[in-house]
Trainee: 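Please read through the structure below; I'll follow up with questions.
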Protein chains: 2
Amino acid sequence: MPNRDVLKGDWLPNISVDCVIFGFQENHLKVLLLKFRNNKVWSLAGGFIGKEEDVEDAAKRVLWQRTGLENIYLQQFHTFGDLKRNIGAIEKHQEINLAMGRSNDDLNWLSLRYISIGYYALVDYLKVKVTLNELSDDSAWMDVDQIPALFLDHNEIIKTGLVHLRSSIDTKLAAFNLLPETFTMSELQKVYETILGKVLVRTNFQRKMLSLDILDRIEKKYSGGAHKAPYLYRLDRKKAEAFLSSAL
Amino acid sequence: MPNRDVLKGDWLPNISVDCVIFGFQENHLKVLLLKFRNNKVWSLAGGFIGKEEDVEDAAKRVLWQRTGLENIYLQQFHTFGDLKRNIGAIEKHQEINLAMGRSNDDLNWLSLRYISIGYYALVDYLKVKVTLNELSDDSAWMDVDQIPALFLDHNEIIKTGLVHLRSSIDTKLAAFNLLPETFTMSELQKVYETILGKVLVRTNFQRKMLSLDILDRIEKKYSGGAHKAPYLYRLDRKKAEAFLSSAL
DNA sequence: CCAAAAGTGTTGCAACTACACCCATGG
DNA sequence: CCATGGGTGTAGTTGCAACACTTTTGG
């Protein structure tokens with residue numbers, strides 16, 4: 001896997017990749033954010049594109065560098081290319097540069113104009129081991145509807161990504177990528193509810209999921225809880241693929 | 001409007017914009033293609049992005065430069081960033097460079113690696129006045145399902161664009177942008193059928209369109225035809241906007 | 001027994017499909 | 001009159017939403 005050093009790499013100029021990394025934690029949809037070192041500015045996980053690197057590989061690499069994960073559900077959704085996406089960032093850049101012990105003219109790479117290709121990733125947040133880079137000194141999973149003002153237009157990127165996620169939840173079975181290998185039906189329902197932003201009727205949801213014929217019920221059940229334990233389900237990869245290809 | 005000279009412009013390196021310009025002609029969905037000068041290679045209308053230019057403005061400019069049209073339905077749909085999108089193009093580049101009287105090393109800008117942001121445009125093909133640039137010596141509207149092997153990955157770009165167009169036909173009323181101001185119901189139906197790639201039942205289609213409450217029927221009718229003349233319809237902008245915003 | 005989990009049955013609505021049928025109009 | 005265009009009626013289907021209800025099971 002590739003060089004992690006953003007500053008020394010042989011990158012394409014003026015282009016970057018930003019990843020909206022979604023995770024599901026405590027019944028909430030969260031986004032992984034990074035905080036600039038010695039600074040209060042938070043941002044998405046982003047990176048540059050190697051001169052000999054596919055754009056998609058760059059996104060995979062960024063995801064891998066920050067989370068340690070590979071083979072993740074990753075979708076390109078929009079490219080952000082307005083000049084004004086940098087507006088308001090100049091002061092922030094100054095803060096960041098100063099905080100990093102660099103002069104503003106010496107390190108103006110951040111102030112250059114960047115066109116950013118937006119990807120969203122769906123991960124099992126329990127599997128994520130966050131690795132910070134030299135630009136950041138903190139990370140956090142933030143609830144999608146409690147996100148502070150971020151670097152550049154990253155708030156808009158998240159919003160746009162969420163819209164795309166929403167529209168692909170049924171056709172691409174996207175929600176399952178946010179859950180661990182096995183899960184209960186009510187956990188699955190919570191994921192759907194969070195992504196869609198509305199509550200669903202349990203019985204109808206259950207019927208719909210089962211009728212898709214993509215789930216295996218594991219006969220082993222939760223241990224420990226009081227009362228009846230919920231069943232665990234697992235996405236059947238073969239059935240899921242059959243479903244996805246039948247939907248065209 | 002901007003400088004038309006691609007070679008002298010102050011452009012961002014490694015990034016381009018490609019426009020799939022759709023038009024509707026003789027009951028067929030067509031794409032506007034350009035032929036490289038003294039060469040047999042056809043390509044989409046493309047261009048570069050000015051250092052001080054929004055990406056979307058670059059797409060609008062490219063569209064305007066080739067068609068003379070402004071205020072056109074234009075949608076970004078995907079960014080193509082594989083290294084291998086250039087594969088197979090090297091020989092073509094050589095042909096093109098030679099044909100243009102340039103040496104290959106002197107003019108290797110075409111052989112550079114480009115990431116291309118794909119847009120599709122929907123135009124009334126009767127309004128298009130094609131203007132060639134210094135790279136091309138011919139243009140043509142080609143039927144979407146009869147397109148020859150194109151420059152780079154332009155075939156794939158068209159295919160992907162068409163998929164996106166298809167999925168937005170109902171929610172964004174995209175089809176109307178391919179027709180002139182006034183049109184008959186059967187013309188409209190043909191547009192839908194061509195984009196969706198299947199035949200529709202006339203009566204149901206008519207009912208559906210009328211029930212959207214977005215059309216005005218013009219009492220003036222076709223002149224000249226034998227038998228009863230069809231009514232003309234016009235998209236009512238206000239009603240259409242109401243529809244679009246109600247759909248959310 | 002109780003409480004939580006899992007699942008079925010039923011009703012009604014809305015949208016879409018297929019198709020039969022009728023009216024309008026220009027020649 | 002006929003051929004084409006424009007439109008309604010209606011029956012069947014499907015998917016979904018709402019909600020009542022039953023069964024299972026751990027303690």
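Quantities reported herein were computed from a predicted structural model and do not represent experimental measurements. Here is how names work: the chains are called A, B, and so on, in the same order as the sequence lines, proteins then strands, and each is numbered from 1.
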Trainee: Which whole-number value in Å describes the distance from B/Leu215 CG to D/dG6 P?
Mentor: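 Roughly 12 Å, once rounded to whole Å.
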Trainee: How long is the line joining NZ of A/Lys190 and P of C/dA5, in whole Å?
Mentor: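 Going from A/Lys190 (NZ) to C/dA5 (P), I get 12 Å.
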Trainee: What distance do A/Ile117 atom CD1 and B/Ile115 atom CD1 have between them, rounded to the nearest 0.5 Å?
Mentor: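 So the CD1 of A/Ile117 and the CD1 of B/Ile115 are separated by 5.0 Å.
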Trainee: Check ring-ring contact (aromatic ring centres under 6.0 Å, His included) between A/Phe183 and all other residues, then give those that pass, not counting sequence neighbours.
Mentor: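 ring-ring contact (aromatic ring centres under 6.0 Å, His included) list for A/Phe183, sorted by chain: A/Phe176.
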Trainee: Over how many whole Å does the gap from A/Lys208 atom NZ to D/dT14 atom P extend?
Mentor: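 Value for this atom pair: 18 Å.
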Trainee: Shorter than 3.5 Å, N or O on both sides, protein versus nucleotides 18-24 of chain C: list them out with atom names.
Mentor:
unit_1: C/dA18; atom_1: N7; unit_2: B/Asn204; atom_2: ND2; d: 2.8
unit_1: C/dA18; atom_1: N6; unit_2: B/Asn204; atom_2: OD1; d: 3.4
unit_1: C/dC19; atom_1: N4; unit_2: B/Thr203; atom_2: OG1; d: 3.0

Trainee: Could I get the full list of ring-ring contact (aromatic ring centres under 6.0 Å, His included) partners for A/His164, not counting sequence neighbours?
Mentor: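 Residues passing ring-ring contact (aromatic ring centres under 6.0 Å, His included) with A/His164: A/Phe77.
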Trainee: Please give, in whole Å, the distance from C/dA6 C1' to A/Leu210 CG?
Mentor: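 The answer, rounded to whole Å, is 9 Å.
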Trainee: Apply side-chain contact (heavy atoms from CB on, under 4.5 Å) to B/Glu181 and list each qualifying residue two or more places apart in sequence or on a separate chain.
Mentor: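 Checked B/Glu181 against side-chain contact (heavy atoms from CB on, under 4.5 Å); matches are B/Arg234, B/Arg237.
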Trainee: Give the rounded distance in Å between these two atoms: CE of A/Met209 and P of C/dG7.
Mentor: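 Going from CE in A/Met209 over to P in C/dG7 covers 14 Å.
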Trainee: Rounded to whole Å, how long is the line connecting atom CE of A/Met185 with atom C1' of C/dA4?
Mentor: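 In whole Å, C/dA4 C1' and A/Met185 CE are 16 Å from each other.
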Trainee: Quick one: ring-ring contact (aromatic ring centres under 6.0 Å, His included) partners of B/Phe24, sequence neighbours excluded?
Mentor: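 With sequence neighbours excluded, B/Phe24 shows a ring-ring contact (aromatic ring centres under 6.0 Å, His included) to no residue whatsoever.
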Trainee: Find the distance B/Leu232:CG to D/dG6:C1' and express it as a whole number of Å.
Mentor: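 One finds 13 Å between C1' of D/dG6 and CG of B/Leu232, rounded.
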Trainee: Not counting sequence neighbours, which residues clear side-chain hydrogen bond (donor to acceptor under 3.5 Å, both in side chains) with B/Ser168? List them please.
Mentor: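 If we apply the side-chain hydrogen bond (donor to acceptor under 3.5 Å, both in side chains) test to B/Ser168, skipping adjacent residues, the hits are B/Tyr120.
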Trainee: A/Phe205 near the nucleic acid: base, sugar-phosphate alone, or nothing, with a heavy-atom cut-off under 4.0 Å?
Mentor: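 If one applies the 4.0 Å heavy-atom cut-off, A/Phe205 turns out to touch nothing in the nucleic acid.
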Trainee: Give a yes/no on whether any side-chain N or O of B/Gln206 is located under 4.0 angstrom from OP1 or OP2 of D/dG6.
Mentor: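 For D/dG6, neither OP1 nor OP2 has a side-chain N or O of B/Gln206 closer than 4.0 Å.
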Trainee: Expressed as a whole number of angstroms, how long is the span from A/Leu200:CG to D/dA18:P?
Mentor: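 Rounded to whole Å, this separation is 10 Å.
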